[in-house]
Amino acid sequence: MFRNAIKRGFCTSNLPIKGRLGHVAIAVPKEQCILKAAQPYKDMFNAKVSEPFDLPEHGVTTVFVELSNTKIELLHPLGDKSPIGSFIKKNPVGGIHHVCVEVANIEDARKEAIANGLKPLSENTKIGAHGNPVLFFHPKTVSGVLLEVEEVEGLVL
């Protein structure tokens, strides 16, 4: 996708940052049990499902479904000011909230993304669910998709 944009002259560089799909995050409405939401993935794919854990600094409870080649992150609102609350209001049955790409160096990825017109939601990285630095980019600058970039130490692509 990005390479075609470059060929057509929409981007200013060759996007040397390499990444891999880390997870797809799905928002689960507050009324629905997050473990019940994980059950179809567990049953269909014989996937390992984590215990729910709260991330108060992000305003979510999360469960990870581990597939052979990636993960699905189920997000449940934690508290009245959860950032996924507005997403759930617009999408009452839930749905795909964001896509995460893992990179070896988040600062290099941030600089390259900004140079190519992507807008970070914050100036600084935060620590994500896996204890790694993460940064989100505004959906209006990423074809309507909220993009999370996560630094994974020792990542070789």
Side-chain angles (χ1 to χ4, degrees), residues 1-30 34 37-38 41 49-67 69-91 94-157:
M1 180 171 94
F2 287 123
R3 298 276 180 226
N4 288 337
I6 292 165
K7 287 178 188 173
R8 293 191 311 257
F10 295 123
C11 298
T12 58
S13 76
N14 289 325
L15 290 175
I17 301 302
K18 292 183 180 180
R20 69 175 180 205
L21 179 63
H23 64 264
V24 175
I26 300 173
V28 177
K30 198 171 190 173
I34 195 166
Y41 301 104
V49 176
S50 75
E51 290 296 319
F53 58 98
D54 294 342
L55 294 169
E57 64 278 8
H58 292 278
V60 297
T61 299
T62 187
V63 164
F64 278 94
V65 177
E66 294 184 35
L67 303 174
N69 62 341
T70 194
K71 295 179 274 309
I72 297 170
E73 179 184 29
L74 299 176
L75 299 170
H76 209 247
L78 180 63
D80 294 334
K81 295 184 180 181
S82 173
I84 64 167
S86 61
F87 180 87
I88 295 287
K89 282 181 184 174
K90 293 177 190 170
N91 305 277
I96 295 177
H97 183 261
H98 68 266
V99 174
C100 175
V101 175
E102 297 173 340
V103 297
N105 185 303
I106 199 164
E107 285 305 314
D108 288 348
R110 182 183 68 77
K111 289 175 189 171
E112 190 63 30
I114 290 170
N116 282 281
L118 277 63
K119 181 181 177 189
L121 292 180
S122 65
E123 288 297 315
N124 299 313
T125 60
K126 294 182 180 181
I127 299 301
H130 296 106
N132 298 328
V134 299
L135 186 63
F136 287 88
F137 290 90
H138 200 287
K140 287 182 181 176
T141 61
V142 195
S143 302
V145 177
L146 179 62
L147 174 64
E148 176 185 19
V149 176
E150 177 182 14
E151 181 175 286
V152 176
E153 189 174 331
L155 181 65
V156 178
L157 299 170

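What you see below is based on every heavy atom in this structure, not just the backbone, and it leaves out hydrogens, waters and symmetry mates. Numbering starts at 1 and runs along the sequence shown.
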Taking the side chain as everything from C-beta on, heavy atoms only, tell me whether [X] gets closer than 4.5 Å to [Y].
X      : Y      : answer
Tyr41  : Ile26  : yes
Asn132 : Glu153 : no
Lys126 : Glu57  : no
Leu155 : Arg20  : yes

Identify the heavy atoms of [X] and [Y] that sit nearest to each other, and give their distance.
X      : Y      : result
Ser82  : Gly59  : OG-O, 2.6 Å
Pro133 : Ile106 : O-CD1, 3.5 Å
Asn124 : Ser122 : O-OG, 2.9 Å
Ile88  : Pro77  : CG1-CG, 4.4 Å
Ala129 : Thr62  : CB-CG2, 4.4 Å
Asp54  : Leu78  : CB-CD2, 3.7 Å

Enter the distance from [X]:[atom1] to [Y]:[atom2] here, rounded to the nearest 0.5 Å.
X      : Y      : atom1 : atom2 : answer
Leu147 : Phe136 : CG    : CZ    : 9.0 Å
Leu146 : His138 : CG    : NE2   : 8.5 Å
Ile114 : Lys119 : CD1   : NZ    : 11.0 Å
Ile127 : Leu55  : CD1   : CG    : 11.5 Å

Q: Just do the side chain to side chain contact (heavy atoms under 4.5 Å, CB included) check on Glu148 and Leu121 with the steps written out, would you?
A: CA-CA 10 Å; Glu148 176 185 19; Leu121 292 180; over 6 Å; no
Any side-chain to backbone donor/acceptor pair from [X] onto [Y]? Under 3.5 Å, distance only.
X     : Y     : answer
His76 : Pro29 : yes
Thr61 : Pro52 : no
Ser50 : Val63 : no

Q | His98 and His23 aromatic ring geometry - parallel, tilted or perpendicular at 30°/60° bounds | A |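 Judged by the thresholds at 30° and 60°, the geometry between His23 and His98 is perpendicular.
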Q.
I'd like to know whether Ile84 forms a side chain to side chain contact (heavy atoms under 4.5 Å, CB included) with His97, so could you lay out the CA-CA distance, the side-chain angles of the two residues, the decisive distance to 0.1 Å, and finally the verdict.
A. CA-CA 8 Å; Ile84 64 167; His97 183 261; 3.2 Å; yes
**Q.** Lys71 and His130: CA distance, side-chain angles, deciding distance, side chain to side chain contact (heavy atoms under 4.5 Å, CB included) verdict
**A.** CA-CA 12 Å; Lys71 295 179 274 309; His130 296 106; 3.7 Å; yes
Neighbour count >12 (heavy atoms, 6.0 Å) for atom [atom1], [X]:
X      : atom1 : result
Glu123 : CD    : no
Ile96  : CD1   : no
Asn69  : CG    : yes

Q | Full working for side chain to side chain contact (heavy atoms under 4.5 Å, CB included) between Val49 and Leu74 | A | CA-CA 10 Å; Val49 176; Leu74 299 176; over 6 Å; no
